[in-house]
Amino acid sequence: MPHLDGTDINRLQKRLPRDFFTRDGITVARELLGKILVHETAVGTVRGIITEVESYMGETDKGAHTYGGKRTARTEPMYHNGGTSYVYLIYGMYSCMNIAAMTEGIPQAVLLRSVTPADSQEKERMLALRLEELNRKRTKRGKEPLSGQSCPASLKKHLADGPGKLCTAMGITRADNDVDMVESQSLYVTEGIKIEPERIQAGKRIGIDYAEEAAEYLWRFYL
């Protein structure tokens, strides 16, 4: 998995500018790999290296929420300027984090599917946030809370390798929807590891079997 050892600290702190995001959703998706998603949370700053993404290409993409020009209160952030967050709920309980691409009025976006902790400190913070959610559910069921020592090994291994787990591990909720990530001080993306094009794998997007021919497009990119 990618790691930051030997990466210039100035690069790690350099925020992505507007013109990074105001390009087509496939270009933005591929180039987000290796970048660092940063979120200021109650447990401190959490940084995750982006390792898997999916492109959603707007009104002509049957897999996109905006297919056919569907502009609603829910999808409005996709129509905003590139670099805007689009956070929505699935199954009424899990948040999914997207970043709008292109310019105002063109509703393309990139779904963030997976991140890895930037370092050991970030890993501990991600674990704390995952445990907070897990223990909230356990308390409702009358079960004892878990600690970092007693939690399942699978939770530590799979901290943020799925859209819902990513949001929980990064402390991202619907409160982070429609945020300008170019200007925000609490949710943004910085430069990370330089990824050579040959390292990028492509596959079908996940969970959109309803999208007919669009379900076959190789618009999921991962390391």
Side-chain angles (χ1 to χ4, degrees), residues 1-41 44-57 77-78 80-87 95-103 108-123 125-126 129 159-172 176-177 179-203 205 219-223:
M1 297 304 293
H3 54 84
L4 300 178
D5 294 348
T7 305
D8 179 62
I9 189 66
N10 292 324
R11 177 180 173 85
L12 300 182
Q13 295 175 344
K14 184 180 179 182
R15 294 177 55 147
L16 299 185
R18 181 77 63 200
D19 59 10
F20 176 93
F21 298 104
T22 53
R23 299 176 295 169
D24 71 90
I26 291 176
T27 299
V28 173
R30 290 177 61 91
E31 294 194 15
L32 275 172
L33 294 172
K35 300 297 190 290
I36 300 173
L37 178 65
V38 183
H39 190 213
E40 303 295 338
T41 76
T45 304
V46 182
R47 300 181 304 152
I49 305 169
I50 299 171
T51 57
E52 184 178 3
V53 294
E54 287 179 351
S55 298
Y56 287 90
M57 299 298 286
M78 286 184 72
H80 294 173
N81 213 355
T84 300
S85 67
Y86 172 41
V87 183
S95 294
C96 289
M97 169 76 190
N98 301 251
I99 304 176
M102 292 298 288
T103 52
Q108 297 182 15
V110 178
L111 170 66
L112 306 184
R113 287 197 57 86
S114 179
V115 299
T116 59
D119 56 36
S120 59
Q121 186 178 51
E122 315 295 337
K123 187 173 183 178
R125 289 174 177 167
M126 286 188 183
L129 288 164
L159 273 178
D161 57 354
K165 287 183 283 185
L166 181 156
C167 283
T168 303
M170 296 287 301
I172 293 168
D176 300 299
N177 183 48
V179 170
D180 183 347
M181 297 176 69
V182 176
E183 299 293 337
S184 174
Q185 298 303 306
S186 62
L187 181 63
Y188 52 94
V189 185
T190 68
E191 290 284 358
I193 303 162
K194 184 175 176 59
I195 303 296
E196 299 300 331
E198 59 269 20
R199 289 186 59 192
I200 299 174
Q201 306 294 310
R205 294 175 292 182
W219 287 351
R220 178 169 62 92
F221 306 103
Y222 57 97
L223 300 177

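Quick note: numbers below take in every heavy atom, side chains included, and nothing from hydrogens, waters or symmetry partners.
- Thr41 contributes atom OG1, which lies 5.0 Å from atom CG of Leu129 (distance to the nearest 0.5 angstrom).
- Distance check, rounded to the nearest 0.5 Å: CD1 of Ile49 to CG of Leu37 gives 11.5 Å.
- Between the side chain of Gln108 and the backbone N or O of Met102, no donor-acceptor pair lies under 3.5 Å.
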Next on the checklist: With side-chain contact (heavy atoms from CB on, under 4.5 Å) as the criterion, how do Val189 and Ile99 come out once you've worked through the C-alpha distance, each side chain's angles and the decisive distance to 0.1 Å?
Outcome noted: CA-CA 10 Å; Val189 185; Ile99 304 176; 4.0 Å; yes

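- The distance from the CZ atom of Arg47 to the CD atom of Glu122 is 4.5 Å, given to the nearest 0.5 Å.
- A donor-acceptor pair shorter than 3.5 Å can be found between the side chains of Ser114 and Thr51.
- Of all heavy-atom pairs spanning Cys96 and Pro163, the tightest one is SG-CB, 3.8 Å.
- Here CE of Met97 is found 9.0 Å from CG of Asn177. Values are rounded to the nearest 0.5 Å.
- Summarising the geometry of Pro117 relative to Leu159, their closest heavy-atom pair is CG-CD1, 4.1 Å, with the distance given to 0.1 Å.
- In this structure, CD1 in Ile193 is found 7.0 Å from CD1 in Ile36, a value given to the nearest 0.5 Å.
- Counting heavy atoms from C-beta outward, Met57 and Trp219 have side chains that approach closer than 4.5 Å.
- Looking at Arg125, its side chain does come within 3.5 Å of a backbone N or O of Thr45 through a donor-acceptor pair.
- Put simply, the side chain of Gln185 gets close to the backbone of Glu183: a donor and an acceptor are under 3.5 Å apart.
- With rounding to the nearest 0.5 Å, the separation of SG in Cys167 from NE2 in His39 is 9.5 Å.
- Here the side chain of Ser95 pairs no donor or acceptor atom with the backbone of Val87 at under 3.5 angstrom.
- The two residues Gly25 and Val110 come nearest to each other via the heavy atoms O-CG2, 3.5 Å.
- With sequence neighbours left out, the side chain to side chain contact (heavy atoms under 4.5 Å, CB included) criterion links Ala100 to Thr84.
- The ring pair (Phe, Tyr, Trp, His ring centres under 6.0 Å) search around Tyr86 returns His65, Tyr88, not counting sequence neighbours.
- Of the possible donor and acceptor atoms, one in the side chain of Arg205 sits under 3.5 Å from a partner among the backbone N and O of Ser55.
- Just one of Arg15, Gln13, Lys35 meets the side-chain contact (heavy atoms from CB on, under 4.5 Å) condition when paired with Glu191; it is Lys35.
- Between Thr190 and Val38 the shortest side-chain heavy-atom distance falls below 4.5 Å.
- Closest approach of Ile195 to Arg199, counting heavy atoms only: CD1-NH1, 3.6 Å.
- One N or O on the side chain of Arg18 and one on the backbone of Gly82 form a donor-acceptor pair closer than 3.5 Å.
- Using a distance-only test at 3.5 Å, with no hydrogens or angles considered, no donor-acceptor pair links the side chain of Ser186 to the main chain of Glu40.
- Contact check for Val53 versus Leu112: side-chain heavy atoms found under the 4.5 Å cut-off.
- Val182 and Pro17 make their closest contact through CG2-C, 4.3 Å (heavy atoms, listed as atom of the first residue, atom of the second, distance).
- Residues Phe21 and Leu32 come closest through the heavy atom pair CE2-CD2, 4.4 Å.
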